[in-house]
Amino acid sequence: QCIGVHKDINFGEGIWDLLIYAEDDAGNRDSAPLLFTVDTKKPKIRETSPSGDYANGDFTIFYDETYLDHISLFYGTQGNYQERMLNGCPSGKKQECGVHVDLSVFDGGTLDVYWVIMDNFFSLSSRVETFDVDIRDPVFDHFSMDVNGDKVTFDMETNEKVNFDYIDS
């Protein structure tokens, strides 16, 4: 029996929903609900995309975080960053969350990008990556073909350097 108690109890990882109660010798009770999370693991960024030299506005983060609070994408130039908070990203291992950002004001220039992922206790930032911004589709300036038996010769030019490919439908 006591009037107060000070006791350390170790709890494992997870969300704990406890009801603490006190009872006197006459059977009278009082209780207090207590909800808390034990989270000792920092968020982990597995990778981000795009992974090449160019950005077109589509960004994705791949991560591990059991108790996700939020994820933000920061983008801009020379330390003048805009923040885009991503809503509804899932918690857990091997998760991903993406966003499309209008990069029209950066088209033809460069852009710095980094991510911040947060849980209730820890924050982790990715490294800053620099991309060339290209949001415009290539345009065929010239397109012709010559069919000679089973051989087809294509003559094509575009307004920018591209990789040519085809789909047979």
Side-chain angles (χ1 to χ4, degrees), residues 12-15 17 35-169:
E13 293 278 323
I15 299 172
D17 188 1
L35 178 66
F36 61 93
T37 302
V38 174
D39 181 7
T40 61
K41 297 177 183 172
K42 293 180 180 179
K44 179 180 180 182
I45 297 173
R46 301 173 78 70
E47 69 179 276
T48 61
S49 77
S51 57
D53 296 331
Y54 289 91
N56 64 4
D58 294 326
F59 297 94
T60 305
I61 183 169
F62 302 86
Y63 59 93
D64 295 336
E65 177 48 52
T66 303
Y67 306 106
L68 182 66
D69 183 50
H70 73 272
I71 296 175
S72 290
L73 172 71
F74 292 85
Y75 62 98
T77 56
Q78 299 178 350
N80 184 18
Y81 293 107
Q82 298 176 48
E83 179 181 9
R84 183 67 164 290
M85 259 184 143
L86 284 69
N87 297 314
C89 295
S91 294
K93 290 189 176 240
K94 296 185 178 180
Q95 298 297 322
E96 69 179 80
C97 198
V99 65
H100 180 80
V101 177
D102 180 4
L103 299 181
S104 57
V105 297
F106 301 100
D107 193 29
T110 60
L111 177 73
D112 294 333
V113 173
Y114 71 95
W115 295 88
V116 174
I117 182 170
M118 295 184 72
D119 64 17
N120 292 324
F121 304 101
F122 302 104
S123 172
L124 177 67
S125 297
S126 70
R127 63 183 168 83
V128 176
E129 297 182 82
T130 301
F131 298 100
D132 293 319
V133 178
D134 182 0
I135 62 170
R136 296 181 190 180
D137 292 335
V139 176
F140 281 102
D141 292 331
H142 172 76
F143 182 90
S144 66
M145 64 179 189
D146 181 39
V147 179
N148 187 4
D150 63 352
K151 179 180 173 184
V152 179
T153 303
F154 296 95
D155 184 17
M156 302 174 280
E157 292 180 15
T158 59
N159 64 334
E160 64 180 299
K161 187 177 177 180
V162 298
N163 295 315
F164 289 101
D165 202 356
Y166 70 92
I167 299 172
D168 180 16
S169 57

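In this chain, residues are counted from 1 in sequence order. Worth knowing before you read on, the calculation uses all heavy atoms, side chains too, and leaves out hydrogens, waters and symmetry mates.
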Ignoring hydrogens, what is the shortest heavy-atom contact between [X] and [Y]? Give both atom names and the distance.
| X | Y | answer |
| --- | --- | --- |
| Leu124 | Pro43 | CD2-O, 3.1 Å |
| Ile71 | Cys97 | CD1-CB, 4.5 Å |
| Val38 | Phe36 | CG2-CE1, 3.8 Å |
| Tyr114 | Arg127 | CB-O, 3.8 Å |

Partner set under side-chain hydrogen bond (donor to acceptor under 3.5 Å, both in side chains) for Asp17, not counting sequence neighbours: none

May I ask you to decide if [Y]'s main-chain N or O and [X]'s side chain share a donor-acceptor pair within less than 3.5 Å?
| X | Y | value |
| --- | --- | --- |
| Glu65 | Met118 | no |
| Ser72 | Val116 | no |
| Asp39 | Lys41 | yes |
| Asp107 | Ile135 | yes |

Point-to-point distance, once rounded to the nearest 0.5 Å, from [atom1] of [X] to [atom2] of [Y]:
| X | Y | atom1 | atom2 | value |
| --- | --- | --- | --- | --- |
| Ile45 | Ile117 | CD1 | CD1 | 6.0 Å |
| Asn159 | His142 | CG | NE2 | 14.5 Å |
| Asp134 | Leu111 | CG | CG | 12.5 Å |
| Ile61 | Ser126 | CD1 | OG | 6.5 Å |
| Glu13 | Thr66 | CD | OG1 | 7.5 Å |
| Tyr63 | Gln95 | OH | CD | 5.5 Å |

Do [X] and [Y] come within less than 4.5 Å of each other through their side chains, counting heavy atoms only?
| X | Y | value |
| --- | --- | --- |
| Asp165 | Asn163 | no |
| Trp115 | Leu86 | yes |
| Val128 | Tyr81 | yes |

Single hit among Lys44, Arg46, Lys93, Lys42 for side chain to side chain donor-acceptor pair (under 3.5 Å) with Asp64: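 The side chain to side chain donor-acceptor pair (under 3.5 Å) with Asp64 is passed solely by Arg46 among Lys44, Arg46, Lys93, Lys42.
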
Evaluation steps, side chain to side chain contact (heavy atoms under 4.5 Å, CB included), between Phe106 and Val101: CA-CA 11 Å; Phe106 301 100; Val101 177; over 6 Å; no

Exceeds 12 heavy-atom contacts within 6.0 angstrom, atom CG of Asp141: yes

Glu83, CD atom: more than 12 neighbouring heavy atoms under 6.0 Å: yes

Taking distance alone, no hydrogens or angles, what donor-acceptor pairs closer than 3.5 Å link side-chain atoms of residues 48-60 to residues at least two apart or in another chain?
| unit_1 | atom_1 | unit_2 | atom_2 | d |
| --- | --- | --- | --- | --- |
| Thr48 | OG1 | Glu129 | OE2 | 2.9 |
| Asn56 | OD1 | Asp58 | N | 3.1 |
| Asp58 | OD1 | His100 | ND1 | 2.6 |

Pair Tyr75-Leu103, side chain to side chain contact (heavy atoms under 4.5 Å, CB included): steps then yes or no: CA-CA 10 Å; Tyr75 62 98; Leu103 299 181; 4.2 Å; yes

Criterion side chain to side chain contact (heavy atoms under 4.5 Å, CB included) on Phe74 and Ser125, from CA distance to verdict: CA-CA 10 Å; Phe74 292 85; Ser125 297; over 6 Å; no

Near-ring test Tyr67/Phe121, centroid separation under 6.0 angstrom: no

Working for side chain to side chain contact (heavy atoms under 4.5 Å, CB included), residues Asn148 and Thr153: CA-CA 8 Å; Asn148 187 4; Thr153 303; over 6 Å; no

Thr110-Asp132 side chain donor-acceptor pair, cut-off 3.5 Å: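 No - no donor-acceptor pair under 3.5 Å links their side chains.
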
